[in-house]
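Just below is one structure, and these are the notes that go with it.
Naming: A, B, ... by sequence-line order, numbering from 1 per chain.
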Amino acid sequence: MSNAIDLAAPLPAPSDFIRDLVAQHVAEGRYSRIHTRFPPEPNGYLHIGHAKSICLNFGIAREFGGVCNLRMDDTNPTKEEVEYVESIQRDVDWLIAGWADTKLGLKRKGAAPATQSVNGKHDFHLAPVLKTDLGPQALELSEPFFASDYFVQIHAYAVRLIEKGLAFVCDMTPEQTDEFRRTGQASPFRNRPVAENLDLFARMKAGVFPDGTRVLRAKIDVAAPNIWLRDPLLYRIRHAEHHHTGAQWCIYPMYDFAHCLSDYLEGITHSICTLEFEVHRPLYDWILESLDLPRALPHQYEFAKLIPSHMIVSKRKLIALVEAGLVSGWDDPRLPTLSGIRRRGVTPEALRAFAIGVGVTKFVSVTDIALYEHAIREDLNKRALRRLAVLRPIKVIITNYPVGQTEELDATNNPEDETAGKRKVPFSRELFIERDDFAEVPPPKYFRLKPGGEVRLKYAFIIKCDEVVKDAAGHVVELRCTADLDSRTGGANAARKIKGTIHWVSAAHAFDAEVRLYDRLFTEAEPEADGRDYKATLNPRSLEVVSAKLEPSLMQATPAARYQFERLGYFCVDVPGNGKPETQNPKLVFNRTLTLKDTWAKEAQRS
RNA sequence: UGCCCGAUGGUGUAAUGGUAGCACAACAGUCUCUGAAUCUGUUUGUCAUGGUUCGAAUCCAUGUCGGGCAACCA
């Protein structure tokens, strides 16, 4: 029987308070179809925190036979850019590929909400299309949803609110508005007649007023305990070019007004967001309920966002790290951005396992990065091809092995997956082994190579260290060893019990390549705890670049594969986040995703 | 300060009035031609005080601690 690994094997269906609610709604038949959405603002790159949200929203769509729309929440023209729209699409596609891509709700390029009549009421609706609906040209025919595609409809809703006497144009300055809202006072413009409001709002739209001079406000309750009900702003004037709508508009809806309506227009049933929007929920409901809408209304549910230890996730600080040159860019493999994570060699399966595994609650907590690293190791252990590589070489001469002789030894590609087969590795008289695998003065319990000691070379012979050759400065430059020539795998002495087995490469056959050894970016679990500057807790050894000696088969390394350099860690071929090489003639560069667990390092540190 | 939300081992979570369970981490052992993986075992928990109940992590009250909101950001 083959033990071929099934990396797409479904994880047990998660359960949490939101899914419980959705299940209940399904049982009640409350909606004809469950419909979620993932609504990033295109003003930065997606990061590990978004991965949790993506997995939650797409996971629900998956588990309940629903759809999850990708929507750009782009109502602030001064902050958003096309570059981010593209990176967001790329990252979402990467994370859900083969898992929930058939649940991804997109729209036909250029499509806008349709006007329709439901139960005699005027209504707008924009249904999703799935890649499977679009066929082979899905990519060219579709695009994500954009809140900015609904500006016409959102504007119409604003007009309707004015007509109902539930919104008014306010002429106060931003400072006055803040003051009045804080102290619970009514705006002097609150009771403007509907006709005047309509006229003023039309002129706002026409561009006759400068930025900041007027806003449209909801008329709710100036003294409500919840600030968000104290006549919140619905529209502001912004004479700015928008990345998606160009110069078409000079008034833009605020988040609270646009978001609930976007959800409604798309037929969203469960609008899932993070805890900080909890206090906005009454406003979300007020807007939708005030509009007298004919279809089922969406509802908002909140969960605690992911806060991983040893990382920084805030967009602003991520930008600062990039701009200060402390990392190489948005896709630096040390960053928790999805493009950085991808470049680091983490697979979507591993990220998903982690993002789903942490669960969904309303409890704010810091998730130990060990949980993340465990998910990565578990995934990579199953899939990685084993290879021999020496990061910090020291020369070994097998004195009793004939000069000029080479033999090809069998090596297992993946002990976790016998279908991965075997390969040949060349052995010869001169080898490299890891500097750490030799100790002239060995610490207690050291069972690697030491003067007069024996160690097994993986897949090859047992060798004994006869002589330590040093340079003038006293540094060890070469080890002269003899091999037990009968101890080769399959040989007469193969069964000899030797405590230590080390990796090696043949000096004549190995090739040199750059290997980037990445480690945690921060040394502290909470880089900013106690109000300290996160720059002070940067790990000075988060990146070390070495020129390593690699077994020849790695010359054919591919970006899609994952490798385990035996006894060292998991590595991948470096591919920048945008898919384009750093230079015109890229050389082979390997990134370390993660080390193997290292009990010995812990033991050695103890003594 | 006002309003809202939360609290289960070191960490993340489950138990939906009926045996506090799982994963990670740690530790000990097993196995090993990877000091990895595997396998076995161990340690550690219901924020506090009252109340309701035959029975409370769960319901109620009060307190404590933590978080969020109080942008013409999302």
Given the [atom1] atoms of [N] and [M], what is the spacing between them in whole Å?
{"N": "B:A26", "M": "B:U11", "atom1": "P", "value": "15 Å"}
{"N": "B:U13", "M": "B:U46", "atom1": "C1'", "value": "13 Å"}
{"N": "B:C47", "M": "B:G29", "atom1": "C1'", "value": "36 Å"}

Q: For A:H259 and A:R37, test the side chains for any donor-to-acceptor distance below 3.5 angstrom and give the result as yes or no.
A: yes
(Q) Is it the case that the side chains of A:E603 and A:Y446 hold a donor-acceptor pair, with the cut-off being a distance below 3.5 Å and no angle test? (A)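 No pair is found: no donor N or O on one side chain lies under 3.5 Å from an acceptor on the other.
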Can you identify which nucleotide, out of [options], has its nearest atom closest to the [X] side chain?
{"X": "A:E41", "options": "B:C27, B:U34, B:C73", "result": "B:C73"}
{"X": "A:W228", "options": "B:C69, B:A74, B:C33", "result": "B:C69"}
{"X": "A:F363", "options": "B:A25, B:A74, B:U8", "result": "B:U8"}
{"X": "A:N76", "options": "B:A37, B:C3, B:C73", "result": "B:C73"}
{"X": "A:K602", "options": "B:C27, B:G12, B:U13", "result": "B:C27"}
{"X": "A:T177", "options": "B:A74, B:G12, B:C72", "result": "B:C72"}
{"X": "A:Q564", "options": "B:U34, B:U13, B:G2", "result": "B:U34"}

Q. Is NZ or CZ of A:R387 both nearer than 6.0 Å to the six-membered ring centre of A:Y563 and within 45° of the ring axis?
A.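 The answer is no; the distance or angle limit is not met.
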Which is true for [X] with a 4.0 Å heavy-atom rule: it touches a base, it touches only sugar-phosphate, or it touches nothing?
{"X": "A:K497", "value": "sugar-phosphate"}
{"X": "A:Y446", "value": "base"}
{"X": "A:H503", "value": "nothing"}
{"X": "A:Y459", "value": "base"}
{"X": "A:E278", "value": "sugar-phosphate"}
{"X": "A:M172", "value": "base"}

Parallel under 30°, tilted from 30 to 60°, perpendicular over 60°: which one fits the rings of [X] and [Y]?
{"X": "A:W504", "Y": "A:F427", "answer": "perpendicular"}
{"X": "A:H25", "Y": "A:Y301", "answer": "tilted"}
{"X": "A:F565", "Y": "A:F571", "answer": "parallel"}

[X] has an atom [atom1]; how far is it from atom [atom2] of [N], in whole Å?
{"X": "A:K450", "N": "B:G35", "atom1": "NZ", "atom2": "P", "result": "15 Å"}
{"X": "A:E80", "N": "B:A74", "atom1": "CD", "atom2": "P", "result": "7 Å"}
{"X": "A:R230", "N": "B:A71", "atom1": "CZ", "atom2": "P", "result": "10 Å"}
{"X": "A:L385", "N": "B:U34", "atom1": "CG", "atom2": "C1'", "result": "15 Å"}
{"X": "A:K382", "N": "B:U38", "atom1": "NZ", "atom2": "C1'", "result": "13 Å"}
{"X": "A:F277", "N": "B:A70", "atom1": "CZ", "atom2": "P", "result": "10 Å"}
{"X": "A:E302", "N": "B:G68", "atom1": "CD", "atom2": "P", "result": "15 Å"}
{"X": "A:D437", "N": "B:A36", "atom1": "CG", "atom2": "P", "result": "14 Å"}

Q: For this output row, return yes or no: ring centroids of A:H155 and A:F201 closer than 6.0 angstrom.
A: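 Distance test on ring centres: under 6.0 Å, yes.
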Q | Aromatic centroids of A:H243 and A:Y84 separated by under 6.0 Å | A |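 Between A:Y84 and A:H243, the centre distance exceeds or equals 6.0 Å.
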Q) Counting just side-chain N and O atoms, does A:K597 come under 4.0 Å of either OP1 or OP2 of B:A37? A) yes
Q: Mark yes or no for whether A:D211, through its side chain, and A:H239, through its backbone, hold a donor-acceptor pair below 3.5 Å.
A: yes
Q) Does the side chain of A:P232 reach to within under 4.5 Å of the side chain of A:L283, using non-hydrogen atoms? A)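 Yes, their side chains come closer than 4.5 Å.
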Q. Can you list the residues that meet the salt bridge (Lys or Arg N to Asp or Glu O under 4.0 Å) rule with A:E41, with sequence neighbours excluded?
A. none
For nucleotides 18-23 of chain B, give me every protein contact, N/O to N/O, under 3.5 Å, one pair per line with atom names.
none

Q.
As a check on the pairing definition, encode RNA chain B in dot-bracket form, counting Watson-Crick and G-U wobble pairs whose two distances are under 3.5 Å, and using | for partners outside this strand.
A. (((((((..((((....[..)))).((((.........))))....(((((..]....))))))))))))....
